[in-house]
Amino acid sequence: MKQFAVIGNPIAHSKSPLIHQTFAKQLNIELSYTLLESEPDQFKQTVDAFFSNGGTGLNVTTPFKQDAYEYADQTSAQSKIAQAANTLYIDDGIYKADTTDGIGLVTDLKFHNFSLTNKKILVLGAGGAAKGAILALIEESPHSIVIANRTKSKAEQIVSAINVNNLFASGLETIEGDFDIVINSTSCSITDDVPEMDTSCFKHISVSYDMSYKPHVTSFNQYVIKNSHSNVKTIDGLGMLVEQAAESFLIWHGIRPDTSQIRKLLREQ
């Protein structure tokens, strides 16, 4: 039986075992999927032990995504941009890393019947979550993407690294233009906070996407509703969590599970 786990600290709250076990049951695949907690300075030793004991793949969450990227022998284009990875696995003796967050985000937007083609996208934040999503967003052929961050230079670094003509950087308080969708990659909703920014950019937003998820409307999505003049559709990141897991499952098993059952189950919890 192949062994998988999710590694992080803390990790007890993770929904990954339930998600992957549901996928496996759906597709009649036998696997073991467990929680793996590591001390912050013991990541390499913990991962070495996991693979030495027959492990096949790891999902990686806070605070180890950069460590996972550095651990791997081969890294995907997405993980190179992010300098981080959420999926780590061994293939023919080679340790490989990928980040599936971006495709998880895009797939969730499509699940909600929203196309990014020719849309004006505003991404808030320039950390690992934003970096991991940008290539997947670009591949959907949007009109433009603006990355806005409190420290503008961090957004400029992403723009410079990718170097496409419809990707731009901005400070939070100097955002210019109208947008079709705003994507919050900051952690503000985790603490029920909101970013200090120019809210006039929300004027014509039709979709507000918060990568965080909670049982109620997140503080960021409430913030957009309050400052928008349109009928905004709000989406949180629970679907993204499910879809990025499905992409990891595809990498490991060669088949992508249907996500409708686990989406319903998680919403009912």
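Only a predicted model underlies this, so the values are computations on that prediction, with no experimental measurement involved.
Although no hydrogens or angles enter the test, the distance criterion places a donor-acceptor pair under 3.5 Å between the side chain of Asn184 and the main chain of Thr186. No donor-acceptor pair closer than 3.5 Å links the side chain of Ser206 to the backbone N or O of Val232. Between the side chain of Ser79 and the backbone N or O of Thr75 there is no donor-acceptor pair closer than 3.5 Å. Side-chain atoms of Ser185 come within 3.5 Å of backbone atoms of Leu124 as a donor-acceptor pair (strictly under, hydrogens ignored). Not a single donor-acceptor pair under 3.5 Å links the side chain of Gln78 to the backbone N or O of Asp98. A donor-acceptor distance shorter than 3.5 angstrom exists from the side chain of Thr218 to the backbone of Asn221, with no hydrogens or angles considered.
With rounding to the nearest 0.5 angstrom, the CD1 atom of Ile181 is 9.0 Å from the NZ atom of Lys119. Here Lys25 contributes atom NZ and Leu31 contributes atom CG; the two are 13.0 Å apart, rounded to the nearest 0.5 Å. Taken from CD1 in Ile183 to OG in Ser208, the straight-line distance is 9.5 Å, to the nearest 0.5 Å.
What you find for Ala136 and Val106 is that their closest heavy atoms are O-CG2, 3.7 Å. The two residues Asp67 and Phe43 make their nearest non-hydrogen contact at CB-CD2, 3.4 Å. Between Tyr213 and Lys15 the shortest heavy-atom distance is CE1-CE, 3.8 Å. Here the closest non-hydrogen pair linking Ala68 and Leu88 is O-CD1, 3.8 Å. Between Ile175 and Ala148 the shortest heavy-atom distance is CD1-CB, 3.7 Å.
Considering only residues two or more places apart in sequence or on other chains, Glu37 meets the salt bridge (Lys or Arg N to Asp or Glu O under 4.0 Å) condition with none of them. By the side-chain contact (heavy atoms from CB on, under 4.5 Å) test, Ser14 is found to be paired with Val6, Ile11, Ser16, Pro17, Leu35, residues two or more places apart in sequence or in another chain being considered. Under the rule for a side chain to side chain donor-acceptor pair (under 3.5 Å), Thr107 has no partner lying at least two apart in sequence or in another chain. Not counting sequence neighbours, the partners of Lys96 by the side chain to side chain donor-acceptor pair (under 3.5 Å) test are Asp91. Residues meeting the salt bridge (Lys or Arg N to Asp or Glu O under 4.0 Å) test with Glu30, sequence neighbours left out: none. Lys2 is linked by a side-chain contact (heavy atoms from CB on, under 4.5 Å) to Phe4, Thr56, counting only residues two or more places apart in sequence or in another chain. Residues satisfying the side chain to side chain donor-acceptor pair (under 3.5 Å) criterion with Glu70, sequence neighbours excluded, are Gln66. Among residues two or more places apart in sequence or in another chain, the side chain to side chain donor-acceptor pair (under 3.5 Å) test is passed with Lys65 by Asp101.
Side-chain polar atoms of Thr46 and Ser38 form a donor-acceptor pair below 3.5 angstrom.
Residues Phe64 and Asn9 have side chains in contact (heavy-atom distance under 4.5 Å, counting atoms from C-beta outward). Annotation: side chain of Tyr71 is in contact with side chain of Val47 (closest heavy-atom distance under 4.5 Å). Within the 4.5 Å cutoff, no side-chain heavy atoms of Asp210 are placed close to those of Tyr223.
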For this session: Dump the intermediate steps for side chain to side chain donor-acceptor pair (under 3.5 Å) on His143 and Asn118, then the final yes or no.
Result: CA-CA 4 Å; His143 175 278; Asn118 207 35; 5.3 Å; no

For this session: Go through the steps for Phe114 and Tyr209 under the test ring-ring contact (aromatic ring centres under 6.0 Å, His included), then give the verdict.
Result: CA-CA 11 Å; Phe114 186 78; Tyr209 194 104; 9.7 Å; no

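Its side chain outside the 4.5 Å cluster rule for every partner, Tyr69 clusters with none of the Ile, Leu, Val, Met, Phe, Trp and Tyr residues.
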Pair up each side-chain donor or acceptor in residues 152-170 with any protein partner under 3.5 Å, not counting sequence neighbours, and list the distances.
from	atom 1	to	atom 2	distance (Å)
Asn166	ND2	Pro142	O	3.2

Under 3.5 Å, sequence neighbours excluded: what are the donor-acceptor pairs made by side chains of residues 246-267?
from	atom 1	to	atom 2	distance (Å)
Glu247	OE2	Arg256	NE	2.7
Glu247	OE2	Arg256	NH2	3.3
Ser248	OG	Asn59	ND2	3.1
Ser248	OG	Thr87	OG1	2.7
Ser248	OG	Gln244	O	3.4
Arg256	NH1	Glu243	OE1	3.2
Arg256	NH2	Glu243	O	3.4
Arg256	NH2	Glu243	OE1	2.8
Asp258	OD2	Ser260	N	3.1
Asp258	OD2	Ser260	OG	2.4
Thr259	OG1	Glu243	OE2	2.7
Arg263	NE	Glu243	OE2	3.3
Arg263	NH1	Asp108	OD1	3.1
Arg263	NH2	Asp108	OD1	2.5
Arg263	NH2	Glu243	OE2	3.1
Lys264	NZ	Glu268	OE2	2.6
Arg267	NH1	Asp236	OD2	3.2
Arg267	NH2	Asp236	OD1	2.7

Show the atom names and distances, to 0.1 Å, of all donor-acceptor pairs under 3.5 Å that link a side chain in residues 191-203 to residues at least two apart or in another chain.
from	atom 1	to	atom 2	distance (Å)
Thr191	OG1	Cys188	O	3.2
Asp192	OD1	Lys214	NZ	3.0
Asp198	OD1	Ser200	N	3.0
Asp198	OD1	Ser200	OG	2.8
Asp198	OD2	Ser200	OG	3.2
Thr199	OG1	Asn227	OD1	3.4

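Within 6.0 Å of atom CG in Asp41, more than 12 heavy atoms from other residues, nucleotides or ligands are found, so the atom counts as buried in its surroundings. Atom NE2 of His112 has more than 12 neighbouring heavy atoms from other residues, nucleotides or ligands inside a 6.0 Å radius. The local environment of CD in Glu176 is sparse, with at most 12 non-hydrogen atoms from other residues, nucleotides or ligands closer than 6.0 Å.
For the side chain to side chain contact (heavy atoms under 4.5 Å, CB included) with Leu116, the lone residue among Ile121, Ile145, Leu105, Val207 that qualifies is Ile121.
Ionic pairing of Lys110 and Glu140 is present here: one or more N-O contacts between side-chain nitrogen and carboxylate oxygen are shorter than 4.0 angstrom.
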